**Q** 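Input: one structure, supplied below.
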There are 4 protein chains.
Amino acid sequence: MSTHDEDRTGGAGALRGAPARRTQAERRARAESALIAAAARLIAEHGSTGVTLARVGEEAGFSRGLATHYFGSKAALLARLQEAALAEAMASAAPARSGAGAAEELCGFARGCLEGVRNPTDLGRAFVVLGAEALAGASELTGAVAELDARTRAWTAEVVGQGQRDGEVRPGVDPVAFAPAFVGLLKGLVVQAAAAPEAFDVGAAVAESERWIRLALTAG
Amino acid sequence: MSTHDEDRTGGAGALRGAPARRTQAERRARAESALIAAAARLIAEHGSTGVTLARVGEEAGFSRGLATHYFGSKAALLARLQEAALAEAMASAAPARSGAGAAEELCGFARGCLEGVRNPTDLGRAFVVLGAEALAGASELTGAVAELDARTRAWTAEVVGQGQRDGEVRPGVDPVAFAPAFVGLLKGLVVQAAAAPEAFDVGAAVAESERWIRLALTAG
Amino acid sequence: MSTHDEDRTGGAGALRGAPARRTQAERRARAESALIAAAARLIAEHGSTGVTLARVGEEAGFSRGLATHYFGSKAALLARLQEAALAEAMASAAPARSGAGAAEELCGFARGCLEGVRNPTDLGRAFVVLGAEALAGASELTGAVAELDARTRAWTAEVVGQGQRDGEVRPGVDPVAFAPAFVGLLKGLVVQAAAAPEAFDVGAAVAESERWIRLALTAG
Amino acid sequence: MSTHDEDRTGGAGALRGAPARRTQAERRARAESALIAAAARLIAEHGSTGVTLARVGEEAGFSRGLATHYFGSKAALLARLQEAALAEAMASAAPARSGAGAAEELCGFARGCLEGVRNPTDLGRAFVVLGAEALAGASELTGAVAELDARTRAWTAEVVGQGQRDGEVRPGVDPVAFAPAFVGLLKGLVVQAAAAPEAFDVGAAVAESERWIRLALTAG
DNA sequence: CATGAATGAGTATTCATTCAT
DNA sequence: CATGAATGAATACTCATTCAT
């Protein structure tokens with residue numbers, strides 16, 4: 001195909017060749033994205049049981065068979081979806097150090113997490129749902145969730161340790177024990193909010209959580 | 001059949017009638033319990049997808065049709081299971097006040113929760129699994145989980161408020177904001193531990209959490 | 001693409017034109033052969049169910065769509081394959097008369113058949129498989145197999161008749177009745193050997209068969 | 001049905017338990033037989049590819065799902081069918097010794113086989129078809145076919161050996177080498193006749209085969 | 001009361017085929 | 001000419017549910 005284009009366009013062949021290929025590839029990539037987005041939407045709304053390959057195809061505006069055609073199996077589709085969702089989650093899991101103090105950095109992360117609860121993306125919700133279902137142990141996502149947790153804990157412990165070296169954090173604090181409590185506090189809030197967003201004042205809960213974090217870093 | 005026989009045997013009807021009925025009712029109750037226990041086991045091990053009415057019957061040592069016969073539909077069986085699991089969970093959700101101080105009461109509850117992670121019951125695991133799947137909103141369990149959370153938060157706030165009236169808890173603390181942070185901390189730890197029990201030191205994390213709770217109750 | 005290049009390079013058109021076309025035709029013929037060979041391989045290994053148009057293309061080292069592009073439909077591909085396999089089989093079905101005596105000619109043919117069992121070609125195996133499946137009557141190959149049998153019988157009868165005219169074969173033998181027995185003996189041995197090559201001594205069986213054939217030609 | 005009868009016949013209550021069960025079991029057994037018969041019919045006519053679980057159910061006069069319900073998978077259904085067909089085939093494969101002479105016994109068997117070609121049962125045709133398809137090596141029937149062949153060869157060798165001990169068969173004949181030739185002759189005739197019943201005179205071919213067999217047993 | 005036979009709807013998956021590039 | 005994107009029909013298999021015994 002690139003040859004055809006080059007044959008036609010003549011001169012600027014060097015630039016044209018790629019687009020021709022990209023057209024097919026683009027079509028494919030675009031359709032794949034659409035399918036994954038559709039799958040995320042469906043999972044976010046109906047759980048992974050509510051997702052069928054046929055529905056994914058139709059939700060994305062294609063035929064019933066396309067999702068199967070691309071991903072081969074439902075498991076593969078879910079795997080791809082998890083990959084995408086995990087990448088999105090990972091991006092925020094261990095953010096680059098901002099250079100602010102430890103307390104500020106941790107509290108900023110906490111606010112970011114809860115903000116994600118208020119304006120969730122389909123992919124984010126799908127990740128939560130899949131992660132939750134993975135608790136049954138049936139899924140391969142279990143490992144991914146565990147890794148994400150571990151990564152966030154490691155980042156937390158590092159921030160706390162740095163705060164100690166900077167003299168901001170009380171020396172008696174054990175960064176390694178601190179981390180799971182911190183991660184737990186956030187996860188627990190997120191899960192509560194996900195189950196019943198209106199049942200309590202999320203803003204106040206975040207503020208209270210920040211109070212806890214600052215106390216845990218500095219008080220004895 | 002045994003009823004038929006006993007009905008027919010007539011004679012000592014006055015004496016026989018009640019026991020016979022109780023025997024029937026007991027048998028029924030016993031079989032139902034066995035079915036629910038089997039369902040809990042299956043869900044705990046294979047997730048809610050792995051549960052079929054036929055398998056429940058066989059897992060319980062009965063025929064393939066019995067679960068349908070008793071519960072009528074799969075939805076009804078799951079509802080009954082949720083009910084049972086919820087009852088078990090509720091029992092520990094808002095424990096009777098022990099009379100100890102607020103900090104001690106909350107920390108004791110925290111230790112109890114994490115203990116539950118270490119020695120889980122089938123019903124408990126089934127509840128976690130169903131609750132997790134309920135996040136998708138597809139299930140009717142969502143409401144139950146939310147109610148459980150709410151109840152635990154209410155209990156927490158009450159304990160904190162009582163602590164303030166007793167002078168043990170710092171007056172500046174807002175019990176209503178405190179509660180979701182407390183519940184979140186526990187839920188988050190439980191979920192982390194459920195996903196990867198060996199990934200971190202649960203005991204140390206619990207100790208650290210107690211430190212946080214005591215600080216949040218008393219420090220400024 | 002190389003053709004395009006050649007088309008474009010123009011210049012020596014008179015000389016280039018024909019070769020270019022021949023190259024095209026050759027390429028096509030070569031690709032078709034490769035596709036048919038790939039199909040034969042797949043059928044020989046996995047039965048006709050294991051053959052898909054896409055797999056044939058890939059097995060041959062081309063794209064998934066090429067087999068469809070060339071043959072139009074699966075039926076057409078199988079037809080072409082059968083044609084090719086039949087041609088190969090026919091070549092040995094009624095070999096040119098060697099000029100040896102009838103007994104020697106028939107025994108030589110028998111040895112050749114059994115040799116084919118030991119070193120089968122993909123095309124040969126595909127023919128056996130397709131022919132076997134054709135027994136159900138679903139395929140159009142049934143006729144081809146029958147024709148092949150008929151042709152071999154005709155050749156056999158002719159060899160026997162010639163043997164009678166040469167005085168080598170006993171006059172009482174009916175060539176037309178002799179033929180199906182001869183063909184049956186060979187087919188039956190081939191099939192037995194194909195089903196379980198190690199279950200009996202093929203060499204001894206061939207020797208015994210030769211004894212039968214010589215006796216049937218000469219003894220009373 | 002039998003229950004109805006017995007219900008009507010009254011009296012013999014002690015006999016009641018079993019029949020009730022038998023009715024269910026009978027229903028099942030009858031339906032299973034009907035399904036297998038339907039499957040045999042379909043395979044005989046359309047080959048194993050033409051057999052669908054749904055079609056089997058409908059052909060048998062039941063629902064589309066019943067075959068799956070009973071046999072669990074298509075492979076299992078085919079296995080059951082093979083079992084049944086093999087049992088039928090085995091029954092004639094190594095018949096009880098008739099006490100007649102070796103030649104008579106073998107020729108009688110040959111006539112029986114060819115007779116089976118003229119009046120085939122669905123199960124018999126299904127066996128031939130499945131056996132033929134098994135040549136591709138994909139099926140598990142390959143082993144069954146091989147075993148059937150081996151058994152027939154063993155019976156043949158035994159008959160020949162006994163004939164030698166009786167002085168009817170020439171001592172120089174090797175029973176073990178004789179057997180595959182004999183079995184091959186029959187199989188080959190059967191296959192030729194199956195492919196094209198009208199293409200040659202089966203009766204004459206059988207007579208000629210008998211001539212071969214008698215010669216092979218007695219002539220030098 | 002209890003069993004299990006029978007049904008049929010739903011779903012994943014395969015694959016020939018059509019069509020755009 | 002060649003690739004591969006997209007479709008849709010066919011089919012194996014699962015399972016809740018109904019019904020006969």
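Because the structure is a prediction, the values reported are computed rather than measured. Letters A, B, ... are given to chains in the order of the sequence lines, protein chains preceding strands, and every chain is numbered from 1.
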**Q** Let me know the distance between CG of D:Leu77 and C1' of F:dA12, rounded to the nearest Å.
**A** 12 Å

**Q** Map D:Thr49 and B:Arg55 onto DNA chain F by nearest heavy atom, then report which one ends up closer to the 5' terminus.
**A**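 Whichever sits nearer the 5' end wins; that is D:Thr49.
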
**Q** Pick base, sugar-phosphate or nothing for B:Arg64, based on heavy-atom distances below 4.0 Å to the nucleic acid.
**A**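 No contact.
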
**Q** Report the C-alpha separation of A:Glu32 and A:Arg80 in whole Å, then their side-chain angles, then the decisive distance to 0.1 Å, and conclude whether the salt bridge (Lys or Arg N to Asp or Glu O under 4.0 Å) test is met.
**A** CA-CA 10 Å; A:Glu32 229 179 271; A:Arg80 279 293 313 272; 2.6 Å; yes

**Q** Which residue lies toward the 5' end of DNA chain E, B:Ser63 or C:Gly50, if each is placed at its nearest nucleotide?
**A**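 That would be B:Ser63.
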
**Q** Nearest to the side chain of A:Lys74 - F:dC13, F:dA2, E:dT13?
**A** E:dT13

**Q** DNA chain E: A:Gly72 or B:Gly65, which has the more 5' nearest nucleotide?
**A** B:Gly65

**Q** Could you tell me how far apart B:Glu59 (CD) and F:dC15 (P) are, to the nearest whole angstrom?
**A**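 B:Glu59 atom CD is separated from F:dC15 atom P by 15 Å.
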
**Q** Using 4.0 Å as the upper bound for N to carboxylate O, is an ion pair formed by A:Arg30 and A:Glu26?
**A** yes

**Q** Rounded to the nearest angstrom, tell me the gap between atom CG in D:Leu66 and atom C1' in F:dC19.
**A**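 Result: 14 Å.
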
**Q** Starting from C1' on E:dT7, measure out to CG on D:Leu35 and report it in whole angstrom.
**A** 13 Å

**Q** Report yes if some heavy atom in the side chain of A:Glu59 is under 4.5 Å from a heavy atom in the side chain of A:Val56; otherwise report no.
**A**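 SC-SC contact between A:Glu59 and A:Val56 ruled out.
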
**Q** Classify A:Arg30 by what it touches in the nucleic acid, base, sugar-phosphate, or nothing, heavy-atom distance under 4.0 Å.
**A**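 Result for A:Arg30 = nothing.
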
**Q** Report the distance from atom CD of C:Glu58 to atom P of F:dA2, rounded to the nearest whole Å.
**A**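 Computing the C:Glu58:CD to F:dA2:P distance gives 17 Å.
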
**Q** So if I take every side-chain heavy atom of C:Thr52 and compare against E:dT17, E:dA5, E:dC15, which nucleotide ends up nearest?
**A** E:dC15

**Q** Quick one, D:Val129 and D:Ser48 - any side-chain contact, counting heavy atoms below 4.5 Å?
**A**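 Counting from C-beta outward, D:Val129 and D:Ser48 never come under 4.5 Å.
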
**Q** Please check: side-chain N/O of C:Lys74 versus main-chain N/O of C:Val51, any donor-acceptor pairing under 3.5 Å?
**A**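 Yes: the side chain of C:Lys74 pairs with the backbone of C:Val51.
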
**Q** Taking NE2 from A:His69 and P from E:dT14, how many angstroms apart are they, rounded to a whole number?
**A** 12 Å

**Q** For the pair made of CD in B:Glu32 and C1' in E:dC1, what is the distance, rounded to whole Å?
**A** 13 Å

**Q** Hey, does C:Val56 reach any base, or is it just sugar-phosphate, or nothing, if we go heavy atoms under 4.0 Å?
**A**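 No contact.
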
**Q** Between B:Tyr70 and E:dC1, is there a side-chain N or O to OP1/OP2 distance below 4.0 Å?
**A**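 Negative; the distance criterion is not met.
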
**Q** Please answer whether the main-chain N or O of A:Gly50 pairs with a side-chain N or O of A:Arg55 as donor and acceptor at a distance below 3.5 Å.
**A** yes

**Q** With nearest nucleotide decided by heavy atoms, which residue, D:Val51 or C:Ala31, maps closer to the 5′ end of DNA chain F?
**A** C:Ala31

**Q** Side chain of C:Ser73, heavy atoms from C-beta onward: which of F:dC13, F:dA16, E:dT17 has the nearest atom to it?
**A**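 That would be E:dT17.
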
**Q** At 4.0 Å (heavy atoms only), tell me whether C:Thr68 reaches a base, stays on the sugar-phosphate, or touches nothing.
**A** base

**Q** Within this structure, what is the CG-to-C1' distance between D:Leu53 and F:dA10, rounded to whole angstrom?
**A**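 Taking CG of D:Leu53 and C1' of F:dA10, I get 13 Å after rounding.
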
**Q** What is the nucleic acid contact for D:Phe71, judged by heavy atoms within less than 4.0 Å: base, sugar-phosphate only, or nothing?
**A** nothing

**Q** Across all strands, who's sitting opposite E:dA5 as a Watson-Crick or G-U wobble pair, both distances under 3.5 Å?
**A** F:dT18

**Q** Looking at F:dA2, I'd like to know if its phosphate oxygens (OP1 or OP2) sit under 4.0 Å from a side-chain N or O belonging to C:Arg27.
**A** yes

